[in-house]
Amino acid sequence: MATRDAGDPARDDRANYDYHSDSVARTGFVSDLVTLVDGEVRFDEYSRQLYATDASAYEVTPIGVVFPTSTDDVASVMEYCADREIPVLPRGGGTSLAGQSVNEAVVLDFTRHMGDLLDFDPEAETARAQSGIVLGELNRALAEEGLKFAPDPAWRDKSALGGAIGNNSTGSHSLKYGKTDAYIEECEVVLADGTVTTFGDVTLDELREGAGDDSLEGRIYAEVLRIVEEERDAVAEVFPQLKRNVSGYNLDRLVEEAEEGHVNLARLLAGSEGTLAIVTEATVSLEPIPETKAMALLTYGSLNDAMEDVAPILDHDPSAVEVLDNVLISLAEDTEEFRDVVEMLPDGTDSVLLVEFYATDDEDGREKVSKLRDDREGVRALSAMEAHDEDERARFWKLRKSGLPILLSRTTDAKHISFIEDSAVPPENLPEYVADFQQVLEDNDTFASVYAHAGPGCLHVRPLVNTKSPAGVNQMESIADAVTDLVVEYGGSVSGEHGDGRARTQWNHKLYGDHVWEVFRDLKTAFDPDWLLNPGQVCGDVDMTENLRFDPGYEFDSGFDPTLNWENENGFEGMVELCHGCGGCRGGQETTGGVMCPTYRAADEEITSTRGRANMLRQAMSGSLSDEEQFDVEFMHEVMDLCIGCKGCAKDCPSEVDMAKLKAEVEHEYHERHGTSLRDRIFGNIDRLSSLGSAFAPVSNWATELPGARFVAEKVLGIASERSLPTFHRETLEDWFEERGTRVSEEEATRRVLLFPDTYTNHNHPEAGKAAIRVLEAADVHVRIPSGVAGSGRPAHSKGLLDTAREQAETNVDALSSFVRDGWDVVVVEPSDAVMFQSDYLDLLPTDESSGSSSGQYTEPRSAAPEAGGLRTEAERLAANTYGICEYLDAFDLDLPLSGEGSLTYHGHCHQKATKKDGHAVTVLRTAGYEVDALDSGCCGMAGSFGYEAEHYSMSKAVGSILFEQVEESDGGEVVAPGASCRTQLGDWQGEEPPHPIQKVDEALR
C-alpha cells in the first residue's frame, strides 16, 4: 500500500522527486551535521545551486544548506562550523538586492521551519516571532487586533523578519515609521562560537559590568562600550543625517542611545546583514493600522520640477511621497496592464508625485489633500488628482508600482541592474543630486528611470548595463564610484534601503572614511573573531564586480535549437535568463494571492518555485551544472515535471518569466532524446482515446470500474488508482447538435459563432456545450459546430509533444480561417483550449512573410473580409477572434433574459487568469442575477493529466488543498468552475463535480 502523507507530497512512495539531486558534496560534513540537527541538511548539487542567487546581480555557490527547526539547531551548526572555521550565512526569503544573502558558506534557511509567531501582546503592542516568519503573514495575524509591524518593504509578503532586521528594512512609509531598528526591542541570537544569548536594552553600567567577562559576549560588550565612550564624535561627524541610511553598522543609533545612559544591543544588529550574530527570535513593537488614507497625484512638466516640490510637500506631513519619471510613464503607457492608468494623466505630464496621507476619517483625509492642492497646484504642479476610496487609491499605487515589472522584463544582455539603486540624500538636496546623477549616466553612455521614495530622499535608479561585456563591468563600477562621490557631496548614503552586500560594501570606506571604517572592522572582529559570519559584507573585502551572475566569462548553450517561437529579444536564451530572483513566486495564497507558484505553495521548496526552476535551467545551460544536465532524468523529475504549466508566472511574476513555455520546450527536446512514454502518448493524444471511449460507451465506463481496473492502470500506465476516471458519453456534443440542429437562422442572427468541440466538452461533459449553445441562441446568435477540426492541441502541448500540437494547430487554422475571414467568431467552452487558440498557436506556428504582426493581435475591422494570408497571419486572425464562452458573452454584452437566484463560489481557470480573461465569467454570472464570491485562488492542482499521474498525485492533492480551504471559507454557495480539470479535482474532493458557469447561466434562462 502506497504511503499517503498529508504533509510533504514527496513522502508518497510513488513520488519520483525529493527536491534535491543524488550528487552530494562533502559527505562527511553532511554526516556530522545530520547527527547534530533535527532539520534537513542538503549539500547536493541542486540545493547548492538553488541558494547561489538572490534578487541581486550576484551568484556565489554555497557550501551547503541547512533548514534549522530551532535555535538549538542553529547553535549546533554554528558551533560545529566555528570549530572548523567554516563560514555561515543566515538567510530569509532570499530577496536581497545587494547580494548580501549569497556567499561561500553554509546557508541557514529560516523560512522553512522557523517562521512562527510565538507571542502577541495587543495591550503592550509587541510581538515575538521567529526570524523566518514572513512579514505579510505576521501582519495578517496582527491585523486582527488593528496592529502591524510598521516597516513595509515592497516584498513584505515574501520577506522574512530576520531579513528585515539584517537589512534594517523600511519602505514607502518611512516618513512615518522610519526603519526596522526603531521597532526592535529584543533579539535571541546565536553568536559566532555557537553561544545562545539575548540582546536587548542595557544600561551603560550593565554594559561595563558585562565587559569584564572574558567570554565572547563579554568582548562584545567591551567593544560596544569603547565605541560609545571613545568614538561618538567620530561617528557623529561622518554619519549622514537622514532617515534613510542603512550603510555600515548602526553606530549612529548606538551612540545616540548612549547619550540617554543605555543602549539596545539588538538594534545594533539592524543592518548588519548577518555579519555580527544570527538572529533566531525577535520581539518587536507594533503600530496601529491607520483608520483610513487619502491620496493626491501631482503632475509635473519635468522631473526637476517634481524634485523641487518634494521639500514643500513634506511640510504637509504626508505618510508617503513617491515619484515616477517620464521614462517609466512612457514604458507604462506601452503596456496593456498599465495603459489605462497612464491615460488618466493630463497632457504635458513628464513626471508625477504620488502623495499619501494617513487620516482619522474620510473628512480628515479630504481636508489634508485639499490643503496640499491649494498649496502646490499651479505653483510647480501642473495638476492634482485625488483618491479617497480604496479602489481609487489602489489605482494610483498601481501606477507607482508599474516601475519594477517594466524594468525587470528586459530579455536583452543589457539589464537594469540594482547596484546603486537606493542611494539617498536629504530631500532638500534632491534637485541638484538628481541632475548630477543624470549627468553621471550620460557620461557613462547609459540611462535609467527615476522612481520610488522621493519623500525621504531615497530614489530607485537602475542604470541599463551589460555585465556580460568587460566594458559593461567597467561602466558599472564607474557609475557607482561617481554616484558615491555625489552621495558624499550631498550628505547622503550609498544605501538608503537595500543594504551593502556585494554591491556597496566597498563604497562604505569612501562614505565613512578610514577611521570609522576601522571602527566597523573592530566591531566585526569583536563579534566574530574569525570572520565566519557572512564574511566580506559591510566592512569586508568583497568587490562589486566579482561574482556577477552574468559576467564576461558567462556562456549560454541550451544544447538544442528551440522549436517554439521566441519573439522576445534574445529569444529562448533571453527567457531562460530573465528571472531576477526577486522571489515574487514565493508568496503564500493568503498574503500574495494570484496563481503563482502552485507547487511552491504546496511544498514550500525553493526548487518548486518559478525562481528555483528558472535558476536551475539557466545554470544547467550555462555550465554551472553537469553537461546537458537539463536533459537528465533526475533533472526532469525534480525541476521541470513539477511545473504544472499553470502559466501564472507569465502574469504574476514581475519579470513575466514564462516557465510553462520553457517547460514545453525543454520537455519536447527531452522526448527527442529519450523517447516518449506510453502514458505521455496517451495523455498527449487524449482526443483519440476519448473518441474511442464515446464510441464504446457505456462499456468503456464499466471497464474502468471493474475490480482491480484502477490497480492495473496504476501499475501499467502510472495512473493514480485514487482518481475517478472521466465518464464518456455515447452521444457526443457533435452528435447531439447534428440531430438537434441550430435554432437561430444565419439570416436572423445578430452574430455568427463556431462553437469549437473541445475534447472534454464533446466527449465527457456535453451538458456544458449544450448549455453554451442554448445561451448563445437565446442571445440571437447563429451557432455551428465546425467540421474538419482536430483536437485543440492543448493535451499534446502540455506533455511537450510540440510536433503533434503544431499539426493540430495547422489543421484547425486551415479549417477555421475562411470562416473567421468571413466574420465568424470562434467560441470555446473549455478555458485551456480557448487560450491554446488565443496564445499558444502563435508560439507553435512559424512567422510568414505576409504576417504584418508579431504581437498576436489582428486589428482589421471585423466587418471586412480580408484575403487569405500565410498560416501565421491566419493564426493571428483566429487568435484575435477566439473567445471563451463567458468572455464572449461579456465582450459583446449580449442581451439575455436572465433571472438567476442564489449565491455561487467561483474558482477561475489559471490559464484565463494568466491571460487576464478570467473576470468575464464573474461579470456574466452577476449579470445573470447570482451573488458571486470570486476566489483569489491559484491552480486547482489537477492541471490536465498532472493530477492523474501516480507520482504526482500527492502533489496535486496538496495544491488542491489550498483551494479546498478557500472554498470552505467562502460565503458563497454552490461552487462553479470553468475548467474541466478543476471540476474533476473539486468533484473528487466534494463527491460531486461542480458545474461550468455557463450551465448556471443556462439555468437562469428558464
Side-chain angles (χ1 to χ4, degrees), residues 389-391 394-395 589-590 592-595 646 648 651-652 761 765 767-772 774-776 778-779 827-832 834-835 883-942 960 962-987 989-990 992-1006:
D389 68 44
E390 188 172 353
D391 289 342
R395 194 172 184 223
Q589 196 73 50
E590 303 88 348
T592 305
V595 176
C646 69
K651 171 181 175 289
D652 292 343
T761 303
H765 198 25
E767 287 306 316
K770 295 174 186 178
R774 286 192 290 265
V775 170
L776 288 168
V827 173
V828 188
V829 174
E830 173 58 33
S832 62
V835 173
Y883 306 86
I885 177 60
C886 290
E887 177 191 1
Y888 189 73
L889 297 177
D890 188 31
F892 295 104
D893 195 22
L894 298 181
D895 185 25
L896 290 164
L898 299 169
S899 57
E901 295 181 354
S903 65
L904 303 172
T905 296
Y906 174 78
H907 164 65
H909 193 281
C910 49
H911 285 186
Q912 286 187 319
K913 291 180 180 180
T915 51
K916 304 174 187 176
K917 298 178 181 294
D918 183 53
H920 298 290
V922 176
T923 300
V924 169
L925 289 170
R926 287 174 176 162
T927 302
Y930 297 104
E931 294 181 8
V932 183
D933 179 17
L935 301 179
D936 183 9
S937 51
C939 182
C940 71
M942 195 68 184
I962 302 172
L963 170 61
F964 304 157
E965 184 176 344
Q966 289 181 287
V967 171
E968 288 179 331
E969 294 175 352
S970 171
D971 294 331
E974 183 180 12
V975 180
V976 293
S981 293
C982 308
R983 299 200 299 277
T984 299
Q985 180 82 302
L986 286 162
W989 170 61
Q990 63 185 19
E992 182 179 1
E993 192 169 295
H996 190 293
I998 196 62
Q999 292 177 266
K1000 301 304 294 184
V1001 179
D1002 181 37
E1003 286 181 21
L1005 288 172
R1006 301 172 186 173

Value for CG (D971) from OG (S903), rounded to nearest 0.5 Å, stands at 8.5 Å

Here the gap from L925 atom CG to C886 atom SG, rounded to the nearest 0.5 Å, amounts to 6.0 Å

On a heavy-atom basis, the closest approach of P995 and V975 is CD-O, 3.3 Å

dist Q985:CD -> F964:CZ (nearest 0.5 Å) comes out at 4.0 Å

Residues at least two apart in sequence or cross-chain that pass ring-ring contact (aromatic ring centres under 6.0 Å, His included) with Y906, listed by chain then number, are none

Contacts of D389 meeting side chain to side chain contact (heavy atoms under 4.5 Å, CB included) (sequence neighbours excluded), chain-then-number -> D391, E392

**Prompt:** Hey, does T905 have a side-chain heavy atom less than 4.5 Å from the side chain of V976?
**Reply:** no

In short, salt bridge (charged side-chain N to carboxylate O under 4.0 Å, His left out) pairs touching residues 885-904 with sequence neighbours left out are E887-K917

Donor-acceptor contacts under 3.5 Å from residues 930-937 side chains, at least two apart:
residue: Y930; atom: OH; partner: K1000; partner atom: O; Å: 2.6
residue: D933; atom: OD2; partner: S970; partner atom: OG; Å: 2.5
residue: D936; atom: OD1; partner: G594; partner atom: N; Å: 2.9
residue: S937; atom: OG; partner: H907; partner atom: ND1; Å: 2.7
residue: S937; atom: OG; partner: K913; partner atom: NZ; Å: 3.1

(request) In sequence, state the C-alpha distance, the side-chain angles, and the governing distance for T923 and L889, and then conclude on side-chain contact (heavy atoms from CB on, under 4.5 Å). (result) CA-CA 10 Å; T923 300; L889 297 177; over 6 Å; no

### Message
When you compare the side chain of K651 with that of V595, does any pair of heavy atoms fall below 4.5 Å?
### Response
no

Nearest heavy-atom approach of C982 to C940 is CA-SG, 3.5 Å

One should read off an interatomic distance between T592 OG1 and Q589 CD, to the nearest 0.5 angstrom, of 8.5 Å

For A914 and C646 the tightest heavy-atom approach is CB-O, 4.3 Å

H909 meets the ring-ring contact (aromatic ring centres under 6.0 Å, His included) criterion, sequence neighbours left out, with H911

Rounding to 0.5 Å, atoms CD (E992) and CG (L986) come to a distance of 11.5 Å

**OP:** Tell me, with the steps shown, if H996 and I885 meet side-chain contact (heavy atoms from CB on, under 4.5 Å).
**Re:** CA-CA 10 Å; H996 190 293; I885 177 60; 3.7 Å; yes

In this structure, NE2 of H765 is separated from CD of E993 (nearest 0.5 Å) by 5.5 Å

Residues at least two apart in sequence or cross-chain that pass salt bridge (charged side-chain N to carboxylate O under 4.0 Å, His left out) with D652, listed by chain then number, are none

Would you indicate whether the side-chain heavy atoms of L963 and W989 approach each other to under 4.5 Å?
-> no

All heavy atoms of P897 vs all of A778, minimum pair found to be CD-O, 4.3 Å

Scanning both residues in full, the closest heavy-atom pair of T761 with A768 reads CG2-C, 4.4 Å

Smallest heavy-atom separation, P978 atom then P831 atom, equals O-CD, 3.2 Å

Would you say that more than 12 heavy atoms from the other residues, nucleotides or ligands in this model lie under 6.0 Å from the CD of E968, or not?
yes

